[in-house]
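Below is one structure, written out as structure tokens, with a few remarks after it.
So that the names make sense, note that chain A is the first sequence line, chain B the second, and so on, each numbered from 1.
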Amino acid sequence: MIFYALIFAFAAIGIGLLCNLWRLVQGPTIADRILALDTMVINSIALIILYGVLQGRTVLFEAAILFAMVGFISTVAYCKFVLRGDIIE
Amino acid sequence: MTLIAEIVISLLIVAGGFFAFVGSFGLIKLPEIMQRLHAPTKATTLGVGSVLVASMLYFLVIEGIPSIHELVITLFLFLTAPITANFVAKAYIHRRESPKSLPLTNRDAGWATFDPPPDQRTAGEERGTS
């Protein structure tokens, strides 16, 4: 039963990633693209966690933690660059 | 007992996938950027949160390994999602609006991207003149 739920969630998050990619390519403003990248990072974290549940191993969760941190910092750095023209003042 | 745990874990995983999809679909469906900001920051955070709770339950009940990685990821995501949304909104306001097109704030200071905060205003002016 968990296996079928996992397949459903993989499919749903995969379609969600495609939606994010469409917004990333098409997005009219730069804020759209930053938001789409941030959402892609969150969806990728969910994919990594689900793959860890499928494999039954917790090793991959370290990668998920790193992904969360790098995604947050890159989003904030990109917004800061748009706001101030500089990342570290 | 194991069957109940499996049902709960499956429901949480399905809910997580559904909400992650709703958040991503709202990103392409809603017409304005300020409305699009709602979909990923709320729905997707809820989706990834329920996936993380499902994973924590799975490793605790089925595999018998207590795992706290998910707790750390959940805490980090729930702390950083509002900050990200605030930064994206500020970047949009800074690029597309001007101080004249925005409504008044009815405070001492104006909008955060155009005016310095009140306690730093004098310091900023001094730095600007020197």
Side-chain angles (χ1 to χ4, degrees), chain A residues 1-24 26-32 34-36 38-40 42-43 45-50 52-53 56-58 60-62 64-65 67-69 71-73 75-76 78-84, chain B residues 3 6-7 9-29 33-34 36-37 39-41 44-45 47-48 50-52 54-55 58-59 62-63 65 67 69-70 72-73 76-77 79-81 83-96 113:
Chain A
M1 187 159 45
I2 292 178
F3 182 71
Y4 294 108
L6 280 176
I7 286 182
F8 172 79
F10 275 129
I13 295 174
I15 298 170
L17 275 171
L18 284 178
C19 296
N20 294 337
L21 194 64
W22 193 78
R23 178 54 70 195
L24 181 69
Q26 199 253 353
T29 65
I30 199 163
D32 277 304
I34 301 173
L35 188 63
D38 186 60
T39 317
M40 278 181 105
I42 294 179
N43 280 341
I45 292 166
L47 269 189
I48 292 172
I49 299 289
L50 288 178
V53 172
R57 289 186 297 173
T58 59
L60 293 165
F61 294 166
E62 321 266 342
I65 295 176
F67 222 85
M69 289 180 177
F72 170 65
I73 289 170
T75 308
V76 169
Y78 205 165
C79 287
K80 186 91 175 155
F81 182 73
V82 170
L83 277 172
R84 308 283 296 178
Chain B
L3 182 69
E6 278 196 11
I7 291 172
I9 292 166
S10 303
L11 281 179
L12 279 173
I13 287 176
V14 168
F18 176 72
F19 278 111
F21 172 69
V22 165
S24 304
F25 185 67
L27 191 65
I28 66 167
K29 175 76 180 158
I33 169 78
M34 283 306 188
R36 282 200 282 271
L37 203 55
T41 51
T44 311
T45 307
V48 78
S50 61
V51 165
L52 287 161
S55 161
Y58 176 81
F59 282 104
I62 310 253
E63 303 271 335
I65 318 164
S67 137
H69 290 83
E70 290 94 336
V72 176
I73 301 173
F76 193 79
L77 279 181
L79 280 178
T80 55
I83 303 172
T84 306
N86 188 14
F87 263 101
V88 172
K90 263 172 122 175
Y92 173 75
I93 287 174
H94 192 76
R95 288 294 291 254
R96 297 300 290 268
T113 61

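- Comparing A:Asp38, A:Leu18, A:Ile34 by heavy-atom pairs within less than 4.5 Å of chain B, the highest count is held by A:Asp38.
- In the displayed structure, A:Tyr78 atom OH is contacted under 6.0 Å by at most 12 heavy atoms of other residues, nucleotides or ligands.
- B:Leu12 does not touch chain A: none of its heavy atoms, backbone or side chain, sits under 4.5 Å away.
- Only the side chain of B:Tyr58 comes within contact range of chain A, with at least one heavy atom under 4.5 Å from a heavy atom of that chain.
- For chain B, the nearby parts of A:Ala36 are the backbone and the side chain; heavy atoms of each come within less than 4.5 Å.
- Residues satisfying the side-chain hydrogen bond (donor to acceptor under 3.5 Å, both in side chains) criterion with B:Arg95, sequence neighbours excluded, are absent altogether.
- For B:Leu37, the parts lying under 4.5 angstrom from a heavy atom of chain A are both the backbone and the side chain.
- Of the two parts of B:Ile9, only the side chain, counted from C-beta on, holds a non-hydrogen atom closer than 4.5 Å to a non-hydrogen atom of chain A.
- Without hydrogens or angle criteria, B:Ser50 side chain to B:Gly47 main chain gives a donor-acceptor distance under 3.5 Å.
- Considering every non-hydrogen atom in both A:Leu83 and B:His94, the closest pair reads O-NE2, 3.3 Å.
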**OP:** Report the C-alpha separation of B:Phe21 and A:Ile15 in whole Å, then their side-chain angles, then the decisive distance to 0.1 Å, and conclude whether the side chain to side chain contact (heavy atoms under 4.5 Å, CB included) test is met.
**Re:** CA-CA 7 Å; B:Phe21 172 69; A:Ile15 298 170; 3.5 Å; yes
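- Looking at A:Met40, there are no atoms closer than 4.5 Å to chain B (heavy atoms on both sides), in backbone or side chain.
- When the salt bridge (charged side-chain N to carboxylate O under 4.0 Å, His left out) test is applied to A:Arg84, the partners found at least two apart in sequence or on another chain are A:Glu89.
- Heavy atoms of A:Phe61 lying under 4.5 Å from chain B belong to its backbone as well as its side chain.
- At a 4.5 Å heavy-atom cutoff, the contact between B:Leu27 and chain A is made by backbone and side-chain atoms alike.
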Starting from the C-alpha separation in whole Å, work towards a yes-or-no answer on side chain to side chain contact (heavy atoms under 4.5 Å, CB included) for A:Phe72 and B:Leu79. CA-CA 10 Å; A:Phe72 170 65; B:Leu79 280 178; over 6 Å; no
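- Only the side chain of B:Glu63 comes within less than 4.5 Å of a heavy atom in chain A; its backbone stays farther off.
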